[in-house]
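Worksheet for the structure shown next.
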Amino acid sequence: MQTKFSEDVISLSDLKINPAKVINQVKDTHRPILLTSRGRGVAVVQNLDDYEKDQEERAFMKAVAQGLMDVKNGRVMELAEVKTKLAID
């Protein structure tokens, strides 16, 4: 999801004029839009489904990184112990 600065940067004044256009654009392109005020970025508008997906992916990657650090630091459990703790047969 790469931002196209020629298409994905909109001023707050343009957002006020036609907010539906901005919403439709993020839905159609699946790219976030950078909102600017006086030439500076102030906020990002993103489709809710895309935002939730990004958050899930970020949480997953964080969990994987934490797991790798645990293994590196010797914090491991045998499979049988994990199954017992999770009450899995």
Side-chain angles (χ1 to χ4, degrees):
M1 177 171 51
Q2 180 136 357
T3 301
K4 293 184 178 179
F5 289 104
S6 61
E7 300 173 24
D8 300 334
V9 178
I10 296 176
S11 69
L12 286 176
S13 55
D14 288 344
L15 174 67
K16 290 177 189 176
I17 293 168
N18 197 350
K21 178 183 175 190
V22 174
I23 299 304
N24 289 333
Q25 183 175 334
V26 296
K27 279 178 155 178
D28 294 343
T29 65
H30 298 279
R31 294 189 316 259
I33 291 179
L34 174 64
L35 298 177
T36 62
S37 177
R38 299 180 186 190
R40 293 184 173 227
V42 294
V44 173
V45 176
Q46 185 175 17
N47 180 283
L48 181 58
D49 291 336
D50 294 334
Y51 174 79
E52 289 174 342
K53 180 182 168 200
D54 287 348
Q55 292 301 308
E56 289 173 7
E57 288 175 358
R58 189 172 289 120
F60 176 77
M61 293 303 296
K62 186 176 180 180
V64 168
Q66 182 62 55
L68 292 171
M69 290 299 296
D70 287 345
V71 169
K72 181 178 179 182
N73 292 321
R75 293 187 298 264
V76 296
M77 299 167 104
E78 294 295 325
L79 181 58
E81 185 181 356
V82 173
K83 286 182 174 182
T84 301
K85 284 189 175 232
L86 297 177
I88 298 173
D89 294 334

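Since the model is a prediction, treat every value here as computed from it, not as a measurement.
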When clusters are formed by joining ILVMFWY residues with side-chain heavy atoms under 4.5 Å apart, either directly or through shared neighbours, do [X] and [Y] land in the same one?
X	Y	result
Val64	Met69	no
Ile10	Val45	yes
Val22	Val44	no

So do Gln46 and Asp54 actually touch side chain to side chain, heavy atoms under 4.5 Å?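 Of all side-chain heavy-atom pairs linking Gln46 with Asp54, at least one is under 4.5 Å.
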
Could you state the interatomic distance from CZ (Arg38) to OG (Ser11), rounded to the nearest 0.5 Å?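 Going from the CZ atom of Arg38 to the OG atom of Ser11 covers 12.5 Å.
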
In Å and rounded to the nearest 0.5 Å, what is the CD1 to CG distance from Ile23 to Asp28?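 Going from the CD1 atom of Ile23 to the CG atom of Asp28 covers 11.0 Å.
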
Who pairs with [X] by side chain to side chain contact (heavy atoms under 4.5 Å, CB included), at least two apart in sequence or on another chain?
X	answer
Leu12	Leu15, Leu35, Ser37, Val42
Lys53	Glu57
Glu52	Leu48, Asp49

Taking distance alone, no hydrogens or angles, what donor-acceptor pairs closer than 3.5 Å link side-chain atoms of residues 76-89 to residues at least two apart or in another chain?
from, atom 1, to, atom 2, distance (Å)
Thr84, OG1, Ala80, O, 2.9

Asp70: what forms a salt bridge (Lys or Arg N to Asp or Glu O under 4.0 Å) with it, not counting sequence neighbours?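 Listed in chain order: Arg75.
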
Apply salt bridge (Lys or Arg N to Asp or Glu O under 4.0 Å) to Arg58 and list each qualifying residue two or more places apart in sequence or on a separate chain.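 Partners of Arg58 under the salt bridge (Lys or Arg N to Asp or Glu O under 4.0 Å) test: none.
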
Polar side-chain atom of Glu7 near backbone of Gln25 as donor-acceptor pair, under 3.5 Å: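 Answer holds: no.
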
